Every structure is written in C-alpha cells, then in structure tokens.
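Below is one structure, written out as structure tokens; comments come after it.
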2 protein chains.
Amino acid sequence: MSALPANVASRTDAVARILDAAAGLFAESSYDAVSMNAIAERAGVSKANIFHHFSSKESLYLAVVRAACHDVGERLGELGTEHGPFAQRFSSYAASMLNDMLEHDQIQRLILRELLVDGERRGQEFAEKVFGENFARFVAILRQGQLKGHLRADLDPAMIATVLIGSNVFFFEARDVLKHFRDVNFANDPARYSTMLVDILMHGIARTPGSPAAPTAGN
Amino acid sequence: MSALPANVASRTDAVARILDAAAGLFAESSYDAVSMNAIAERAGVSKANIFHHFSSKESLYLAVVRAACHDVGERLGELGTEHGPFAQRFSSYAASMLNDMLEHDQIQRLILRELLVDGERRGQEFAEKVFGENFARFVAILRQGQLKGHLRADLDPAMIATVLIGSNVFFFEARDVLKHFRDVNFANDPARYSTMLVDILMHGIARTPGSPAAPTAGN
DNA sequence: GGATTTGCCGACCGACCGGTCAGTCAGTAT
DNA sequence: ATACTGACTGACCGGTCGGTCGGCAAATCC
C-alpha cells in the first residue's frame with residue numbers, strides 16, 4: 001500500500017492503520033457503539049498496541065475527528081480558487097461542494113453527527129479550526145460579488161453562504177428520505193439538484209431591475 | 001401531574017415515565033451511550049420493570065422513535081392551515097417550521113441522528129410514515145402558488161420545498177457553529193434568519209419581469 | 001556485545017452492559 | 001378466605017467494555 005521504505009513505513013504504518021480503521025468504524029457507528037477490540041481487529045493490531053499509541057479511546061477519537069476536520073478544511077480550501085464569470089464560479093462552487101460531501105460520505109457523516117450530538121461544546125472548535133477560514137473566504141467572495149454588482153447589495157452575504165451550504169448539507173443527509181417521495185426526482189441526481197439550487201438562489205441573489213444595487217456595474 | 005384516578009394512572013404512568021426518560025436520554029446521546037440503568041433511574045422504576053413493559057432495549061428505542069415521529073407528523077400537519085396572501089402564508093410556514101424545530105429540540109435531534117446513522121434503512125420508513133404526507137401537502141401548496149402566478153412556473157415545486165426545509169434544518173443543527181462566525185449575526189435570531197431566508201427564496205421564486213409566468217396574475 | 005529503547009502482544013482486571021429470574025405485593029373476581 | 005393476575009423489585013447472569021501489565025523481539029546506542 002505504502003511506497004515508503006520499510007523502516008519508515010513500519011514506524012508509522014500501524015498508527016495510520018489504526019487511524020484508518022477507527023475513522024471508518026466511527027463514521028459508521030456512534031462513539032460508544034465502536035469498541036477498541038473492533039478497531040484493533042480491523043487495523044490488524046492488538047488492542048494493547050492502540051493504547052500504546054493513544055492514551056485512551058477518547059484521544060483516539062479526537063485524533064480521528066481532527067484528521068477528518070483537517071481533510072475537510074483542506075478540500076474546502078481548494079474550492080474557491082476557480083476563475084471565470086461570477087455566476088459560473090458560484091455555480092461551480094456549489095456543485096463541487098456537494099460532490100465533495102457525497103464523495104467523502106464517511107467523514108461528512110462523522111462531522112455532522114458530532115455536531116448533532118455535541119454541538120454546544122464542539123461548535124466553537126469546529127467554527128475556528130475547521131470551517132472558519134473557508135466560510136470567511138466564501139463570504140468574502142460573495143461580498144466582492146456584491147461590490148461588483150453581481151449580487152443584491154441589501155443581503156447579508158453570510159446568510160447567502162449559509163443557505164447554499166445548508167441546502168447542500170441537507171441534500172447529503174436527507175437524500176435517503178427524499179428519494180422515496182413521489183414528487184422528488186432529483187434525489188439520485190446531485191448535479192441536477194445543484195443546478196436547480198443555484199437557479200433558485202441566483203434569481204433571488206442576482207441583481208434584478210427592481211432591487212437595489214451598487215452603481216458600478218462591472219462585467 | 002395526572003388528573004386521572006389512581007388505578008388508571010398507575011397502569012400507564014410507569015410506561016409513560018419510561019418513555020419520557022428514554023426519549024430524553026436517547027435524544028441527548030446515542031443509542032449505545034444510553035444504558036437501561038440510566039433510563040430506569042431517571043424514570044424512577046427498576047430496570048427489570050422496563051423489561052416487563054418492553055421486550056428489549058431495541059424495542060424501547062423503537063417505541064421512542066415511533067412516538068417522536070408521531071409527534072413530528074402531527075405538528076407538521078398543523079402548519080399548512082393558515083390563510084391570507086400567498087407570500088405571507090409562505091413566510092409564516094417557514095417561520096413556524098423553524099420555531100417548531102427549535103422548540104422540540106430533543107425530538108428533532110433524535111430524528112436527524114437516526115437519519116444520519118441509518119438513513120438507508122430508515123429512509124423509506126420516515127418518508128412514508130413521518131414526512132411523506134406533509135411534504136406532499138407542502139408541495140401541493142407550492143404548485144398551486146405556481147398556477148396562481150405567485151411562483152415561477154419553470155421550477156420544480158419539490159425542489160423549492162427541499163431548499164426551504166433544508167435551510168431550516170441546517171440552521172437548527174449548525175447554529176452552534178454559526179454563532180462563532182464573525183460574519184454571522186443571525187445565529188441566535190431564528191426570526192431574522194427566517195425573514196432573510198424567505199427574502200432570498202421569494203425573490204428567486206416570486207415572479208419577476210424577466211422570468212416566465214402564468215398569464216393570469218391573481219391576488 | 002551488553003544495555004536500553006521501542007513497537008508490539010497475550011493475558012488479565014474491575015466495571016458495567018443488556019437481560020433474566022424468583023418472588024413480593026396490591027387489587028379483584030369468586 | 002381463596003385463587004389468580006399484572007406491576008414491580010433486588011439479586012444475579014454471562015459477556016463485553018476500556019484500560020493495564022509483564023514480557024518478547026528487534027532495532028539502537030554505547
């Protein structure tokens with residue numbers, strides 16, 4: 001699996017396997033439903049060895065959550081780097097975000113569950129270390145879109161960001177219910193969902209003749 | 001607490017207390033994190049008595065989830081009964097839904113977690129028994145809004161419903177994170193969130209001079 | 001080449017888990 | 001009084017939990 005030299009690999013291999021196994025199991029089930037025995041078995045190490053590398057189950061769990069947060073943060077960071085017209089960038093951002101969530105199903109589940117179970121305590125940590133920077137960056141992009149006249153100036157850009165993110169997150173977590181609704185035909189088609197979502201948002205966000213806007217209309 | 005005669009009350013009181021205690025604990029923590037001992041203690045009954053009324057922990061949990069679903073379904077059913085202009089009804093519906101979720105925090109958490117952990121299996125059940133009817137009713141209202149010319153006719157009404165519900169659900173589950181963002185000032189103000197959400201949605205949903213609409217402009 | 005460190009393991013611990021069981025007790029129909 | 005019922009309990013079960021401990025084998029240091 002690893003292309004590193006044996007000695008280097010063996011020093012980190014076990015830890016990595018433990019983290020991988022734990023991440024998978026924690027994503028599938030809740031904290032208490034995952035036993036150290038199960039993690040040890042999947043990782044192919046002894047349970048005692050896990051306690052050799054991690055001081056407790058809690059600390060292993062935190063390491064897994066931290067790694068997941070790091071991954072999510074990194075992937076989010078890659079999103080805002082695209083070019084082109086504003087509307088296209090916005091649309092591409094929305095679609096990429098949704099695809100990314102669906103692609104990393106397990107990590108996403110882990111973080112969402114963590115939020116649901118212990119939002120009060122984890123809220124600040126998540127806000128600062130995981131989403132904070134990327135959220136602020138997205139808001140900045142939207143604010144610039146307002147200044148350039150692409151978006152209504154009387155809206156809170158943070159609110160726009162929240163609605164877009166929220167609609168994507170909801171699709172992620174509710175698709176299993178949505179696909180059983182007669183009226184819904186987009187539950188298995190995230191691309192279509194994304195297109196329609198951006199349509200709905202843009203025609204409320206985009207400048208229209210009746211809404212106020214900055215006097216300098218660019219692009 | 002109960003005004004019923006002692007003999008009748010005593011027949012159901014214990015079961016009700018068990019269900020209440022279990023609902024509270026299951027909403028706070030995951031299935032595995034809640035022990036039968038803890039439920040018994042909070043309910044003020046012996047653990048053995050719980051097994052006298054429920055065949056297993058699993059069956060008790062199912063009873064709790066079923067009750068929660070029933071409650072949610074009932075409360076959702078009361079939402080679509082208002083009168084007045086379409087825009088006002090839509091706005092009121094959105095605000096009521098959000099308030100309702102915040103007010104019944106525990107039940108909402110329970111259901112959302114159930115969805116996250118086991119969406120595949122619970123999806124159909126939830127769709128049919130909990131949300132199905134109410135979702136369909138909301139979609140019907142939106143469809144009528146399209147026919148009457150209040151909403152753009154080229155949008156999927158189920159999509160509109162999903163975005164509204166999703167934005168509300170996301171606010172519910174992410175408010176603890178949102179309130180730590182510098183750019184966000186609505187995390188503790190659901191009414192303001194609701195107002196802004198409806199603003200964003202309506203000006204993409206509502207008929208505008210540039211978008212197609214049914215020829216008959218009512219209201 | 002002996003001592004030390006490091007990665008790792010099997011065996012084990014007390015605590016607690018979900019669940020069972022024999023039996024108490026109040027009510028009630030006969 | 002008798003017989004029976006369902007609600008209820010404390011004591012207890014086998015099993016699993018998170019976590020510990022002593023020791024093995026290989027690398028590393030001196």
Side-chain angles (χ1 to χ4, degrees), chain A residues 1-2 4-66 110 113-114 117-118, chain B residues 1-2 4-66 110 113-114 117-118:
Chain A
M1 197 55 68
S2 173
L4 294 169
N7 58 342
V8 175
S10 68
R11 181 156 54 90
T12 58
D13 193 41
V15 174
R17 285 210 318 278
I18 291 170
L19 281 172
D20 275 356
L25 289 169
F26 280 136
E28 286 171 17
S29 316
S30 71
Y31 176 86
D32 300 87
V34 175
S35 74
M36 297 299 269
N37 284 312
I39 297 173
E41 193 171 340
R42 183 182 285 202
V45 301
S46 70
K47 185 175 67 164
N49 191 23
I50 299 181
F51 283 97
H52 175 72
H53 291 290
F54 300 91
S55 63
S56 67
K57 184 185 184 181
E58 175 81 13
S59 81
L60 169 59
Y61 179 70
L62 284 180
V64 168
V65 170
R66 215 166 286 139
L110 186 67
R113 189 157 38 77
E114 191 66 17
V117 169
D118 201 2
Chain B
M1 195 56 65
S2 173
L4 294 169
N7 59 342
V8 175
S10 68
R11 182 157 53 90
T12 58
D13 192 42
V15 173
R17 285 210 319 277
I18 291 170
L19 281 172
D20 275 355
L25 288 169
F26 281 136
E28 287 171 16
S29 317
S30 70
Y31 177 86
D32 300 87
V34 176
S35 75
M36 297 299 269
N37 283 312
I39 297 172
E41 194 171 337
R42 183 182 284 202
V45 301
S46 70
K47 185 173 66 165
N49 191 23
I50 300 181
F51 284 98
H52 174 72
H53 292 289
F54 300 91
S55 63
S56 66
K57 183 183 184 183
E58 175 79 14
S59 82
L60 170 58
Y61 179 71
L62 284 180
V64 168
V65 170
R66 216 166 286 140
L110 188 67
R113 189 158 41 77
E114 191 67 16
V117 170
D118 202 1

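Nothing here was measured: the structure is a model prediction, and the numbers come from that model. Residue numbers start from 1 in every chain, and the chains themselves are labelled A, B, ... in the order their sequence lines are given, proteins ahead of strands.
The separation between A/Glu58 atom CD and D/dC17 atom P is 18 Å, rounded to whole Å. Nucleotide D/dA7 holds its P atom 13 Å from the CG atom of B/Asp13, rounded to whole Å. One atom, OH of A/Tyr61, and another, C1' of D/dG18, lie 17 Å apart when rounded to the nearest Å. What separates CZ of A/Arg17 from P of C/dG7 is a distance of 14 Å, to the nearest Å. Atom CZ of A/Phe54 is separated from atom C1' of D/dT20 by 18 Å (rounded to the nearest Å).
At D/dG6, none of the side-chain N or O atoms of B/His53 fall inside 4.0 Å of OP1 or OP2 (strictly under the cut-off). Listed pair A/Asn49 / C/dC9 meets the phosphate criterion, a side-chain N or O lying under 4.0 Å from OP1 or OP2. Within the structure, every side-chain polar atom (N or O) of A/His52 is placed at least 4.0 Å from both OP1 and OP2 of C/dC8.
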Subject >> Annotated protein contacts, base or backbone, on nucleotides 11-18 of chain C with a non-hydrogen cut-off under 4.0 Å, one of B, S, - each >> reply: ------SB
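Judged by the 6.0 Å distance and 45° axis criteria, B/Lys57 is positioned over the aromatic ring of B/Tyr31.
Annotation: B/Glu41, atom CD; neighbour count of heavy atoms from other residues, nucleotides and ligands within 6.0 Å does not exceed 12.
For the pair A/Arg17 (side chain) and A/Ala40 (backbone), a donor-acceptor distance under 3.5 Å is absent. Although no hydrogens or angles enter the test, the distance criterion places no donor-acceptor pair under 3.5 Å between the side chain of B/Arg42 and the main chain of B/Ile18.
To the nearest 0.5 angstrom, B/Leu110 atom CG is 11.5 Å from B/Leu25 atom CG. Taking CZ of B/Phe26 as the reference point, atom CD1 of B/Ile39 lies at 4.0 Å (rounded to 0.5 Å).
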